[in-house]
Peer 1: 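Could you have a look at this structure, given as C-alpha cells, before my questions?
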Amino acid sequence: MTSLTSRAASEPPGSADLLVNEVVGVPAGIGATARRARADAYDAWLARLLPDRPGVALLAVGGLGRRQCAPYGDLDLVLVHAGVPGIDELAAALWYPIWDAGLRLDHSVRTVAEALSVAQDDVKVALGLLDARLVAGDPDLADTLVSSATDHWRRTAVRQLAPLRESTAARWQAHGELAHLLEGDLKEAAGGLRDVGILRAIATAGITDALRPAVHAAHLRLLDTRDALHQQVGRRVDRLLAQERDGVAALLGLRRTPSGVAEDAPPGTVPPQPAGSAPEQRYGPASRGEDGDGDTLLRRVAGDARTVSHALDDALRATDRLRSGRRRGADGRPLRRPVARDVVEHDGELVLARTAIGARPDASLSLRLAAAAATTGLPIARATCEWLAAYCPPLPTPWPAEARAALTTLLGAGTGMIPAWETCDRYGLIDGWLPEWTRLRSLPQHNPVHRFTLDRHLVQTAAEASRHTRDVDRPDLLLLGALLHDVGKGLPGDHSVVGAPIAEGIATRIGLPAAEATLIGTLVRLHLVLPEVATRRDLSDPVTIARVAESVGDVTTLDLLYALVRADAAATGPAAWSDWKGRLVAELVARVRTTLDTGDVPAPPAPDPALVAGPLPVVHLTGDRVSVAAADRRGLLATVAGCLALHRLEVLAADASTVDGRALVQCRVQPRYGLAPDPVALSADLRRAVRGDVSVTQRLRGRALAARGPGPNRGWSGTATPPPTRYCWNCGPPTPPACSTGSPVRSTRPAPRSGRPGSPPSAATWSTPSTWSVAGPRRTNGPAWRQPCSPPSERRPKDLWQ
C-alpha cells in the first residue's frame with residue numbers, strides 16, 4: 001500500500017479527498033460511506049482486469065465482500081471457474097497487476113466443487129464464503145457457489161461451530177480481551193471484529209438473533225476506529241498502540257472537551273452516536289492537528305468490545321443448547337424449575353416467574369435475579385434483562401432490607417458474580433443500583449500492573465474478597481468495601497481520600513447505619529496503608545507501628561483492611577503481590593494487632609551485645625548474615641554494600657540502626673555464583689572500608705570499569721595526534737594563558753580537529769568571556785558544553801574531558 005496522496009496538489013493534508021492508493025484510485029475517509037466508496041473503487045478496477053469469458057467469475061470475500069474495506073486492508077479474492085482451459089494464465093494476468101499496484105492479496109483459484117469441499121473441511125473457509133460477492137464475470141456461476149455455500153453452512157453449522165469455538169478460544173488466549181487492554185488488537189482480540197464475523201455466521205445459520213441493534217452499532221464504531229487507525233499510521237495495523245491513541249481520537253472527533261457533552265457530565269461521556277451515520281456527523285469534524293481524548297477512545301472501544309463479547313457468549317450458549325437438546329416434560333414443553341423467589345430456570349436460563357410480572361414489579365427484583373444467577377451459575381435470559389431494564393422501578397432511598405441482602409448475596413457469590421454483573425451492566429441495570437457506575441464503566445488504568453479496567457477491577461476485587469469472608473467479623477462490609485475501594489479513581493486528587501466520602505454516601509443510600517457507613521469510608525481511605533507501610537517503612541520501629549494502630553483504630557477494621565489488601569492485589573494482577581510482600585504485610589498486621597489488643601507498642605529488637613561493646617569497628621560473619629558496627633557517618637551503608645559486592649555477595653536484606661553513637665549494619669547475603677568468599681579477606685576488607693581506607697573503594701571502581709569494558713574511541717584514524725592544548729575549564733578560550741578570574745589553566749588530552757564529533761570547542765565558538773558553547777551534537781558521556789565562569793574556590797572538580 002502507498003501512503004495518503006491528495007488527488008490535487010492544492011489540497012491540504014487532512015483533506016477528506018485523499019487517496020490511499022493512487023493506482024486504483026481508492027479514497028481515504030472514515031465511516032460507512034467511505035468504506036462503500038473504497039469497495040466501489042476496487043470493484044470497478046478489478047472488473048477492468050478480468051476479461052469477459054464464460055464460465056469464470058471473480059468473487060470478493062472478507063472486507064471487500066462485505067463492502068467494509070479498511071483504508072489499508074487486504075484484498076481477499078476467489079477466482080471461480082467451470083473447468084475452462086487456460087485458467088492459470090488468466091489468474092496470473094489478474095493477480096500480477098494487483099501486486100504491481102502495491103496491494104496485499106489473498107487469492108485462490110477453484111471450481112465450485114473444490115470450493116465447497118474445502119469449506120466442508122475448513123470452517124474458516126466456510127465462514128469466508130458466507131461473505132462472498134460477485135465482482136466480475138459469470139453471475140450464474142457465482143450465484144451457484146454463494147447459494148450452495150450458504151445452504152451447506154446452515155445444514156452443518158451446529159457441527160462446525162465446535163472446532164470454530166476451539167480456534168476462537170486459542171485466539172482469545174493469544175490476543176487477550178480487547179475490553180481490558182491498553183493496546184488491544186481491534187480485529188483479533190476477544191470482542192473485536194473477528195468475533196463479529198462469528199456472530200454473523202451464527203445469525204446466518206438461524207440459531208439465534210445475534211446481530212442485534214446494539215451489536216450492529218458497536219461493530220460500526222469498531223470499524224470507524226480501525227479506519228482512523230489506518231489513516232493515522234498510514235499503513236495496515238490493527239493494534240491500537242498508545243502513541244497513536246490521541247491521533248485516532250482526534251480523527252474520530254473525540255476531543256478533550258467534546259461538543260455535545262454537558263460541562264458537568266462525567267469524564268468519558270460521549271455524545272449520542274446514531275448507528276450508520278457518517279463520522280463527521282457522529283463525532284464532529286476531525287482534523288489531524290488537534291489532540292484527541294485517548295481515554296475516551298479507550299472507554300468507547302472497551303464498551304463496544306464488551307457488547308460484542310456478551311452477544312457472542314449468548315449466541316454460543318444458544319448453540320450449545322441446540323446441540324445438547326432441550327429437556328422437555330411429558331407435555332413437550334421445556335422444563336421449569338424454581339430457583340429463588342420470583343426466579344425460575346427455563347431451558348437452562350433464568351427467567352422471572354409469571355407471578356412476578358405485573359404492572360408494578362418489585363424494585364429489588366433485578367437484584368434478586370442477579371443474586372440467583374451468581375449463586376447458581378446460570379445465565380439470565382435476554383428477554384428477561386430487556387424487560388427489567390424497561391419496567392423495573394428504581395430502588396428507593398434507603399434500600400429495603402431484601403435489596404441489601406440480595407446485594408450481599410451477589411457480591412459474596414465468588415467468581416459466579418462476574419458474568420451475572422456483566423450481564424446486568426450490558427442492559428443498564430447497574431446504573432439503577434449505583435448511579436456512580438456510569439463514571440467508572442470501562443475507565444482505563446494506565447498502569448502495567450493492572451490487568452482490568454476500573455469497573456471490572458472493582459467487581460473482581462469483590463469476587464476475590466469472598467474468599468476471605470470467614471476471616472473477618474463483618475463479611476458484608478468487606479464485600480461492599482471491596483466493590484467501592486477505588487470509587488475515587490478518575491477524579492482529581494488522591495483516589496483514596498477522594499473516594500472515602502463517595503463510598504460513605506453510597507453506603508448510606510444502600511441503608512447502612514451511620515457507624516457502618518463511616519467504616520466503609522475508612523476502608524476506602526486506608527486500603528493502601530498496609531502495603532505502603534509494610535514495603536517502605538521499618539517494621540521494627542515502634543513509631544511506625546503506633547501510627548498504623550492509631551490510623552486503624554480497632555482489630556475489626558484491621559482484619560477488614562488485611563482481607564481487602566489481599567483481595568485487591570489478587571484482582572490487580574500477578575505483579576501486584578509476591579511472597580515477600582505478603583510476609584511483610586502479615587508481619588505488620590501481627591504487630592499492629594498486638595498493639596491494639598494490649599495497648600503496648602512492641603519494643604524494637606535488642607541489638608547484638610557483641611556489636612554495641614568493644615572497640616570499633618566490629619565485624620561478625622555468621623552463615624548468611626554479615627553484621628558491622630562502626631562509627632556513625634554518612635554513606636556507611638553504601639560502603640558496606642560496595643564491599644560485599646566486591647566479594648561477589650548479593651544483599652537480600654539490610655537493616656541499619658544507631659545505638660549510642662555507633663552505627664549497626666546487618667545484612668542478609670547470598671553468594672552471586674554459589675561459592676562463598678574467604679571470611680578472613682571479607683572481614684579485613686570490611687574493617688578497612690568502614691575506617692575510610694580508599695584502597696577498597698579503588699578496587700571496587702576498578703572492577704566496575706573492567707566489567708563495563710573499553711569505552712568508545714573518541715578519536716579517529718587517518719590523522720596524526722595533535723599536540724596537547726591548554727584550556728581553562730571555567731572560561732574556555734584557549735588563547736589567554738590564564739583565566740581573568742585567576743582560575744588555573746589545566747592541560748587536557750590532545751584536541752582533535754574542530755567540527756568533528758567529540759572535538760573540543762574551537763576559538764570561534766566562544767560566545768562571551770564568561771560563558772562558552774559549541775555548535776553540533778552534545779556529548780552524552782561528559783559534562784555539558786555550556787558552563788558558567790566561576791571563581792577558583794568554586795571551580796569544577798573534574799577535568800573538562802574526564
Side-chain angles (χ1 to χ4, degrees), residues 176 180 414-415 418 445 447-452 456-472 475 478-479 481-482 485-486 496 523 526-542 544-545 547-549 551-552 555 557-597 602 604-605 622-627 637 640-641 644-645 648-657 665-676:
H180 306 302
T415 55
I418 299 174
Q445 302 194 80
N447 190 321
V449 175
H450 281 276
R451 56 178 175 172
F452 296 123
R456 173 61 187 278
H457 170 69
L458 296 177
V459 175
Q460 189 74 29
T461 304
E464 297 290 343
S466 64
R467 305 174 185 270
H468 307 288
T469 52
R470 296 180 180 272
D471 302 334
V472 296
L478 171 62
L479 297 172
H485 74 281
D486 279 345
S496 300
L523 294 179
L526 301 181
H527 76 275
L528 297 178
V529 168
L530 294 182
E532 287 185 353
V533 172
T535 56
R536 301 181 182 182
R537 295 292 184 267
D538 184 6
L539 300 185
S540 62
D541 188 356
T544 300
I545 304 302
R547 288 180 177 176
V548 175
S551 300
V552 173
V555 176
T557 305
L558 178 65
D559 292 338
L560 290 172
L561 283 174
Y562 186 34
L564 177 56
V565 165
R566 289 177 288 172
D568 187 15
T572 299
W577 196 256
S578 63
D579 294 339
W580 166 80
K581 190 173 183 179
R583 287 194 301 268
L584 291 179
V585 174
E587 181 181 353
L588 174 61
V589 171
R591 291 175 180 267
V592 173
R593 178 179 286 110
T594 300
T595 301
L596 293 174
D597 287 339
T622 55
D624 62 343
R625 295 189 177 275
V626 177
S627 302
L637 178 60
V640 173
L644 295 176
R648 295 181 172 86
L649 289 175
E650 293 182 344
V651 179
L652 303 179
D655 185 15
S657 59
V665 179
Q666 302 179 61
C667 301
R668 188 163 63 90
V669 297
Q670 70 177 10
R672 181 173 301 176
Y673 302 109
L675 184 62

Peer 1: Excluding sequence neighbours, so at least two apart, what forms side-chain contact (heavy atoms from CB on, under 4.5 Å) with Asp579?
Peer 2: Arg583

Peer 1: Working to the nearest 0.5 Å, report the span between CG of Asp655 and SG of Cys667.
Peer 2: 9.0 Å

Peer 1: For Leu637 and Ala654, work out which heavy atoms get closest and say how close.
Peer 2: CD1-CB, 4.4 Å

Peer 1: Can you tell me how far the CZ atom of Arg451 sits from the CD atom of Gln445, to the nearest 0.5 Å?
Peer 2: 12.0 Å

Peer 1: What is the distance from atom CG of Leu458 to atom CZ of Arg456, rounded to the nearest 0.5 Å?
Peer 2: 11.5 Å

Peer 1: List the atom of Leu478, the atom of Ala465, and the distance in Å for their closest heavy-atom pair.
Peer 2: CD2-O, 3.7 Å

Peer 1: Can you name the side-chain hydrogen bond (donor to acceptor under 3.5 Å, both in side chains) partners of Gln666, sequence neighbours left out?
Peer 2: none

Peer 1: Do Leu558 and Tyr562 make a side-chain contact, defined as non-hydrogen atoms from C-beta onward lying under 4.5 Å apart?
Peer 2: no

Peer 1: Determine whether Thr461 and His527 make a side-chain contact, defined as any pair of heavy atoms from C-beta on separated by less than 4.5 Å.
Peer 2: no

Peer 1: Suppose we screen for ring-ring contact (aromatic ring centres under 6.0 Å, His included). Which residues come up paired with His468, at least two apart in sequence or across chains?
Peer 2: none

Peer 1: Where is the tightest heavy-atom contact between Gly414 and Ser466, given as atom of each residue plus distance?
Peer 2: CA-OG, 3.3 Å

Peer 1: Sequence neighbours excluded, which residues qualify as side-chain hydrogen bond (donor to acceptor under 3.5 Å, both in side chains) partners of Arg547?
Peer 2: none

Peer 1: Under a 4.5 Å cut-off applied to non-hydrogen side-chain atoms, are His457 and His485 in contact?
Peer 2: yes

Peer 1: Kindly list each side-chain donor-acceptor pair under 3.5 angstrom involving residues 571-578, sequence neighbours excluded, with atom names and distances?
Peer 2:
| residue | atom | partner | partner atom | Å |
| --- | --- | --- | --- | --- |
| Thr572 | OG1 | Asp568 | O | 2.7 |
| Thr572 | OG1 | Asp568 | OD1 | 3.4 |
| Ser578 | OG | Lys581 | N | 3.2 |

Peer 1: Ala549: which residues meet the side-chain contact (heavy atoms from CB on, under 4.5 Å) condition with it, sequence neighbours left out?
Peer 2: Val592, Thr595, Leu596

Peer 1: Apply side chain to side chain contact (heavy atoms under 4.5 Å, CB included) to Ile545 and Leu588, showing your working.
Peer 2: CA-CA 8 Å; Ile545 304 302; Leu588 174 61; 3.7 Å; yes

Peer 1: List the residues meeting side-chain hydrogen bond (donor to acceptor under 3.5 Å, both in side chains) with Ser540, not counting sequence neighbours, and say none if there are none.
Peer 2: Asp538

Peer 1: Please collect all salt bridge (Lys or Arg N to Asp or Glu O under 4.0 Å) contacts where either partner lies in residues 584-593, sequence neighbours excluded, each pair once.
Peer 2: Asp559-Arg593, Glu587-Arg591

Peer 1: Run the side-chain contact (heavy atoms from CB on, under 4.5 Å) test against Arg668 and tell me which residues pass, sequence neighbours left out.
Peer 2: Asp624, Arg625, Leu652, Ala653

Peer 1: Tell me, please, which residues at least two apart from Phe452 pass ring-ring contact (aromatic ring centres under 6.0 Å, His included).
Peer 2: His180

Peer 1: Report the distance from atom CG of Leu530 to atom CG of Leu584, rounding to the nearest 0.5 Å.
Peer 2: 12.0 Å

Peer 1: Which residues pass the side-chain contact (heavy atoms from CB on, under 4.5 Å) test with Thr557, sequence neighbours left out?
Peer 2: Leu519, Thr522, Leu523, Val552, Asp554, Leu561

Peer 1: Specify the closest pair of heavy atoms between Val472 and Ala563, including all atoms of both residues, with the distance to one decimal.
Peer 2: CG1-CB, 4.0 Å

Peer 1: Under the rule for salt bridge (Lys or Arg N to Asp or Glu O under 4.0 Å), what residues qualify as partners of Arg672, not counting sequence neighbours?
Peer 2: Glu650

